[in-house]
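Data block below; observations after.
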There are 2 protein chains.
Amino acid sequence: MSKRAAQNHKASAIPKGSRATGRVTIIDVAAEAGVSPMTVSRALKTPALVQEQSRERIMAAIDKLGYVPNQAAATLASARSQVIAVLVPSLTNAVFIETLSGIRDYLAEAGYQFLIGETGYARDKEEQLISTYLAHAPAGFLLSSSEQHEILQSRPASRAIPAVRMFDLGRSNEDFSVGFSQTKAGYAVARHLAERGYKRPAFIAAQLDPRMMKRREGFRKGLQDAGIQSAVEVLLPLPTTVDMGAQLLRRVLDANPDCDAVFCCNDDLALGALFECQRRGIAVPGRMAIAGFNDLSWAACATPSITTVVTPRYDIGYKSARMLISQLRGEDIPKGRLDLGFELAVREST
Amino acid sequence: MSKRAAQNHKASAIPKGSRATGRVTIIDVAAEAGVSPMTVSRALKTPALVQEQSRERIMAAIDKLGYVPNQAAATLASARSQVIAVLVPSLTNAVFIETLSGIRDYLAEAGYQFLIGETGYARDKEEQLISTYLAHAPAGFLLSSSEQHEILQSRPASRAIPAVRMFDLGRSNEDFSVGFSQTKAGYAVARHLAERGYKRPAFIAAQLDPRMMKRREGFRKGLQDAGIQSAVEVLLPLPTTVDMGAQLLRRVLDANPDCDAVFCCNDDLALGALFECQRRGIAVPGRMAIAGFNDLSWAACATPSITTVVTPRYDIGYKSARMLISQLRGEDIPKGRLDLGFELAVREST
DNA sequence: CTGAAAGCGCTTACAG
DNA sequence: CTGAAAGCGCTTACAG
């Protein structure tokens, strides 16, 4: 009997007025294989507990009937889904997209799906999305902020939903986090500029969030330790765009024409700053050095190539997902921070 | 009684060995409000069918108990979920990210969630993901390829899952599609270069997919209609990156030093081509004109600013989602293509 | 406008 | 290694 015939046969047996969906269920598979539905369920979830012979007949029946498991039923019965809720600050930023790629790659291997929420860099929005996603009974959360969320904390231990924080390192070892030190990265840029002999470096940032502030903090500290003074800092609480980089550089030059270097808190701003220098005929790095953050695709091949901080964003996604799934599987992994570090790529622009 | 007390009270009533999750259900809400569970369900889904007084008591009970609907149960009972499966070619391409933003914005308004799959520009992979996602009983699909998928076609009408194709316009009015004509866009670029007097324009492309081929086809036709000949075409079936734009431009110049313009099939390539020209001291547009595609953030503020095709990618997402939800709601919308058009942004680089 | 009954397709918790 | 029974939390399909 062909797959289609099997389905038609089943369909024709549906009593009138019933709610049958015509869908092939675990019961059909069981009947076809001559076992109970429970054995089919086991063959799928814990094959080791099923005799090989039964397993083979079940697999054959699944193929023959075209059985597709109903996730909603599994979720309802087991009170746990195969869905991970992922909250990122922005979907229009290549950084987070690469993190999502890492997450997707690990979760796909592990057999999980994910839902993506965008927090707009706002803590409140993150908490609100967590509430919403709770309705989907997610197996776990991957979060972007370093904040604690009461809504997750307050659940009874038996129904606790594990979470891993990405990008920042947690303050303590009280929970799970995967990232790198934003402060140290900012510090490293400052030291590099100081070593190259720049005397009046500026700092520009947009899309101000706690991570940007940490980069700034590290940058300030680095300059201070090198005994030099920041020319000027220009921060705007607006979205990060390439054009914003050009605007911010103009403000820097207006405020302090002596400025000889600029640390842009991300590569989009750095690209805009470079274009602005080109437009004005300002030699880079001759009269103005430019450093960025993240190592997006253009940094290495711009003219001149742009010095930047290489961040492990794909790995942050992949390893956060891995850490989360380990918890879900009840593996005994220690709480705490996973510091993936960063690297300073020194290029022509400084 | 506080929320916590209410939950504890319930928890303490759980018989030993039962499967109770401790979760607040529609039954608890019904008891609290003094109505039947069915009325609670109606108050949530079709409030118009419930007396205002009952509705108010139900809402108060929901607040008091902290009720969160269980989607899995709703999906199982109704055989339809509130999840839309979205398949895009790539998650590392800003174009599709903006499309996803449009989708998300519409779906969020409409109360739907979405799952994202990445097809890697491969038709086979798209079909495979459709199979996988079918297990989640998605309410609908938003697809990226212009192909028909047997797996969706072959379902019985009663269980058909609606789909909308994005980016390309369908060949006929046999199904739903939202996009613009890739061919016409390529044609427009060719006519523009011809009008500006360029004599030997080249075409470069990577990540070859059917849409790139349509842009090329239109470009060729446009040159032909203008009575000029393409200098050279360089196509590589590798991922699109900024650096790839530089590489492709080198190949163009090696193959044909006379070339005086280049149509890059996307803005990443155009940016790389611009950097390569800067590196070699080739004046843009003086000795080499550059045109891109999509109008990504850097196109308008590069030095020189880059002529490109402005594509309605956010709208494609938003309106595809709207078209899909209209179908799901049983609204009577005509099948067919929704052509959102495109615009040529003429800038300094040509 | 409201409700009692049955069922969606799985998995849990037992019992062999 | 296997199975019968019960239940997860909703919605459908009726019947008032």
Side-chain angles (χ1 to χ4, degrees), chain A residues 10 14-31 33-58 62 65 67-82 134-137 139 158-159, chain B residues 10 14-31 33-58 62 65 67-82 134-137 139 158-159:
Chain A
K10 176 158 199 259
I14 297 173
K16 287 190 180 85
S18 103
R19 294 174 59 189
T21 57
R23 161 161 206 166
V24 177
T25 73
I26 210 172
I27 295 175
D28 304 316
V29 173
V35 296
S36 74
M38 203 43 238
T39 304
V40 176
S41 177
R42 284 196 192 94
L44 260 19
K45 300 291 165 194
T46 49
L49 300 182
V50 176
Q51 198 173 276
E52 191 178 330
Q53 206 184 40
S54 312
R55 222 162 53 213
E56 280 166 7
R57 270 184 293 133
I58 289 166
I62 286 173
L65 303 180
Y67 170 71
V68 179
N70 182 325
Q71 297 273 7
T75 299
L76 179 59
S78 68
R80 66 187 60 236
S81 73
Q82 295 284 95
L134 248 20
H136 292 262
S158 64
R159 301 201 300 126
Chain B
K10 175 157 201 260
I14 297 173
K16 288 191 179 82
S18 104
R19 294 173 59 189
T21 58
R23 163 162 203 162
V24 177
T25 73
I26 210 172
I27 295 176
D28 304 316
V29 174
V35 296
S36 75
M38 204 43 239
T39 303
V40 176
S41 176
R42 284 198 191 93
L44 260 19
K45 301 290 164 192
T46 49
L49 299 182
V50 176
Q51 197 174 276
E52 192 178 330
Q53 205 183 42
S54 313
R55 223 162 51 213
E56 280 166 7
R57 269 184 293 132
I58 289 166
I62 286 174
L65 303 180
Y67 170 70
V68 180
N70 182 325
Q71 297 272 6
T75 300
L76 180 60
S78 68
R80 64 186 60 237
S81 72
Q82 294 285 95
L134 249 19
H136 292 262
S158 64
R159 300 203 300 127

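Residue numbers start from 1 in every chain, and the chains themselves are labelled A, B, ... in the order their sequence lines are given, proteins ahead of strands.
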Atom-to-atom span, [atom1] of [X] to [atom2] of [N] - whole angstrom:
X       : N      : atom1 : atom2 : value
B:Arg55 : C:dC1  : CZ    : C1'   : 11 Å
A:Ile58 : D:dG3  : CD1   : P     : 9 Å
A:Gln51 : D:dG3  : CD    : C1'   : 14 Å
A:Ile27 : C:dC10 : CD1   : P     : 8 Å
B:Gln71 : D:dC10 : CD    : P     : 10 Å
A:Leu65 : C:dG9  : CG    : C1'   : 15 Å
B:Leu76 : C:dA6  : CG    : P     : 18 Å
B:Asp28 : D:dG9  : CG    : C1'   : 10 Å

Point to revise | Straight-line distance of A:Gln71 CD to A:Ser78 OG, nearest 0.5 Å | key: 9.5 Å

Review point. So, is B:Thr25 close to the D:dG9 phosphate, meaning a side-chain N or O under 4.0 Å from OP1 or OP2?
Key: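 So the side chain of B:Thr25 is outside the cut-off, no N or O lying under 4.0 Å from OP1 or OP2 of D:dG9.
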
Point to revise | Side-chain N,O (B:Ser54) to OP1/OP2 (C:dT2) below 4.0 Å | key: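 Checking B:Ser54 against C:dT2: at least one side-chain N or O falls below 4.0 Å of OP1 or OP2.
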
Please work out if [X] contacts a base, only the sugar-phosphate, or nothing of the nucleic acid, heavy-atom cut-off 4.0 Å.
X       : answer
B:Thr75 : nothing
B:Ala30 : nothing
A:Ala74 : sugar-phosphate

Exercise for review: Report yes if some heavy atom in the side chain of A:Leu44 is under 4.5 Å from a heavy atom in the side chain of A:Ile62; otherwise report no.
Suggested key: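 Of all side-chain heavy-atom pairs linking A:Ile62 with A:Leu44, at least one is under 4.5 Å.
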
Point to revise | Closest-nucleotide 5' rank along DNA chain C - winner of A:Lys45 and B:Ala73 | key: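 Per heavy-atom nearest nucleotide, the more 5' residue is B:Ala73.
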
Exercise for review: Return the nearest nucleotide to the side chain of B:Ser78; candidates are D:dT11, D:dT2, C:dG9.
Suggested key: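 The listed nucleotide nearest to B:Ser78's side chain is D:dT11.
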
Check your understanding: Which nucleotide in the list C:dG3, C:dC10, D:dG3 gets nearest to the side chain of A:Asn70?
Key -> C:dC10

Exercise for review: Check whether any side-chain N or O of A:Arg80 sits under 3.5 Å from a backbone N or O of A:Thr75 as a donor-acceptor pair, and report yes or no.
Suggested key: no

Point to revise | Whichever of A:Val35 and B:Tyr67 has its nearest DNA chain D nucleotide further upstream toward 5' | key: A:Val35

Check your understanding: Dot-bracket for DNA chain D: what is it, with Watson-Crick or G-U pairs under 3.5 Å, [ ] where a pair crosses earlier ones, and | for a pair to another strand?
Key -> |||.||||||||.|||

Review point. Does anything in residues 37-44 of chain B reach DNA chain C, meaning a heavy atom under 4.0 Å, and if so which residues?
Key: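 Hits under 4.0 Å, by residue number: B:Met38, B:Thr39, B:Arg42.
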
Looking at every heavy atom in both [X] and [Y], which two are closest together, and how far apart are they?
X       : Y       : value
B:Tyr67 : B:Thr25 : CE1-C, 3.6 Å
B:Ala43 : B:Val50 : N-CG2, 3.6 Å
B:Arg57 : B:Val35 : NH1-CG1, 4.4 Å
A:Leu76 : B:Ala72 : N-CB, 3.9 Å
A:Ala30 : A:Pro37 : CB-N, 3.5 Å
B:Arg42 : B:Leu49 : CD-CB, 4.5 Å

Practice item. Check step by step if side chain to side chain contact (heavy atoms under 4.5 Å, CB included) holds for A:Met38 and A:Ile26. Key: CA-CA 9 Å; A:Met38 203 43 238; A:Ile26 210 172; over 6 Å; no

